[in-house]
Amino acid sequence: MSEKNTMTRSAMLFLPAKVLEGVLLLFMSALYTHIFTETAAGTFGRVQQISNFAYLLVAAWMANASTRYAAEEHKRDKASGLLSTMTVVYLIMGAVGAVSCAVLAVITGSTLYLPGIIMFCTYTAFTILINMLVQLDRVRPAILFSLISASLKLIVAIVLVGGKSNFPDPTPALAANIIADGVGALGAAFALGMPSAVRLRRASRAMLDKMLAYGVPLMGVALCSGLLNLFDRFYIYGVFGDATGAIYYYNSSVPNSVFTMISVGVLRGVYPAVLRAWNERSHMEARSLLNAGVRLYLLVALPAAFGLAAVSGTFCRTFFAKSYAAGAPVIWMTAFAMVFMGLTEYANKGYELEQDTRPVLPNCAIAMVVKIVASIVFVHLMGFIGGAVGSVVAFACYFLLTAFRVRKYFMWKVPFGSFLRILISAILCGVSAYACTKLLPVGDLLRLVVGIVVGAAVYACSLIVSGEAREEVGWLLRKLKKRQ
């Protein structure tokens, strides 16, 4: 089997599991809007966002470095040196964070700093270790523990609130996320063989220097990326308070969950193959594989964006508490912003493969400034919906700037005809789904289900009729034939 077919197979196998994980996280968001008051749900969202921002600022450099060097270090010594060094750094970060949060808790009198630092630690461990599993082609355990984590965020919260609704305290939601990510991280640690591989004496300054040389230049990028992704949420919380912040947060979490899973699902199938080709065979082959990977991303991302635009209002009315329906436009606006963000991630691979990540910082910094200015302007013109408009403007600018500047190395290319066929099919998907949600004389839930099914069917038929899905259909038929 060619590397391209292997890459496509990995992406096609990994993507459904990540989409299922995204669906579980969507149900978590929907559930939280019902079982917690708006203020409690908003407080949970605020703490989660701060934890995510802290991860980007403090730990993302280690995540990037571990992903970059996991495969080659595993060949050398089962990644013992890398894992041991990472463990020492992680423990130091956790200890410093715990002391800092304890001091802040005493000064401010807030009880949220303790669960916040624990959430940061479990989220960081879970994210880094799952990424390493995927980079080492251990897809099944990565999928298993990701799904376990997403499921526990639902189950534990329900158990802790005792079946109540309008619960005024966000603690059950915080505890559910801590337990879920902690269990997922523990499972990933065993799957990586960390109990036998990690020894303090195996941690090395040389390994740390290698990780820092690759990861530290990206720390500025992480800061800018954090503000680029989260500034609109922080600003809306600051201007309107926790209750309105919750409406914006939970509506924007719908496309964020879907597109994060799509982007990660495709990229985790694509990037290991691209990296192997780059390191072991030829740069030309790696570029060809990256082009194919972007096409796979477009095949999934564009119909998801148009589909979310079509069903956003019906989705809110069906799953969220009644007061959250005002934020439905945030869903489809954020969806298109996320499409641009995913394309930018692929464009940045040109820098990452060349191990020259310095240009990423000014690109991201410019986009961050655009995001801050656009969010402030549009929020004051349009209310909290303006935050989503600012996101679209900022992410589009980020993509266009990166696509222009990365040509120094190489920029991915998708044939225009292929892009046009995917775009038209995605538009037809959205139109057909929208028609179902507006015209069918049934309840919102059935309209939503029928709209999704019809939209997906129209999209698939359009791709097949246009010939765009020839490779994917062939792969599926061959797989079905082997099973007979």
Starting at [atom1] of [X], measure out to [atom2] of [Y] and round the result to the nearest 0.5 Å.
X	Y	atom1	atom2	result
S375	I236	OG	CD1	7.5 Å
L129	Y90	CG	OH	8.5 Å
Q49	N52	CD	CG	7.5 Å
T402	Y346	OG1	OH	15.5 Å
L114	I118	CG	CD1	4.0 Å
R317	T437	CZ	OG1	7.5 Å

R233/R46 under side-chain contact (heavy atoms from CB on, under 4.5 Å): CA gap, chis, key distance, verdict: CA-CA 8 Å; R233 295 184 179 185; R46 178 159 50 85; over 6 Å; no

May I ask you to decide if [Y]'s main-chain N or O and [X]'s side chain share a donor-acceptor pair within less than 3.5 Å?
X	Y	answer
Y235	V379	no
Y32	G45	no
S312	W332	no
R447	L440	yes
K371	L228	yes
S432	C429	yes
Y248	A388	yes
T122	M119	yes
N291	K413	yes
Y237	G42	yes

Are any of the side-chain heavy atoms of [X] and [Y] separated by less than 4.5 Å?
X	Y	result
L160	T171	no
V389	M333	yes
F320	N251	yes
T39	P168	no
F234	I50	yes
N363	V360	no
L302	F419	yes
Y123	I128	no

Audit row: S252, I331, side-chain contact (heavy atoms from CB on, under 4.5 Å) steps and yes/no: CA-CA 5 Å; S252 63; I331 294 178; over 6 Å; no

Are [X] and [Y] close enough that their ring centers fall under 6.0 Å?
X	Y	result
F319	F315	yes
F395	F336	no
F36	F44	no

Atom of [X], atom of [Y] and distance for their closest heavy-atom approach:
X	Y	result
P303	L298	CD-O, 3.7 Å
C436	G451	CB-CA, 3.6 Å
A41	A246	C-CB, 4.3 Å
V311	A433	CG1-CB, 4.2 Å
D169	P172	O-CD, 3.2 Å
C101	I117	SG-CB, 3.7 Å

Could you tell me whether the side chains of [X] and [Y] share a donor-acceptor contact shorter than 3.5 Å?
X	Y	answer
S391	T334	no
D181	S149	yes
T37	N166	no
T344	N348	no
D444	T314	no

CA sep, side-chain torsions, deciding dist, call: V330, F384, side-chain contact (heavy atoms from CB on, under 4.5 Å): CA-CA 9 Å; V330 172; F384 70 87; 4.3 Å; yes

Residue pair Y324, E38: steps toward the side-chain contact (heavy atoms from CB on, under 4.5 Å) verdict: CA-CA 9 Å; Y324 288 77; E38 285 181 14; 3.8 Å; yes

Parallel, tilted or perpendicular: rings of F340 and F399 (30°, 60°): tilted

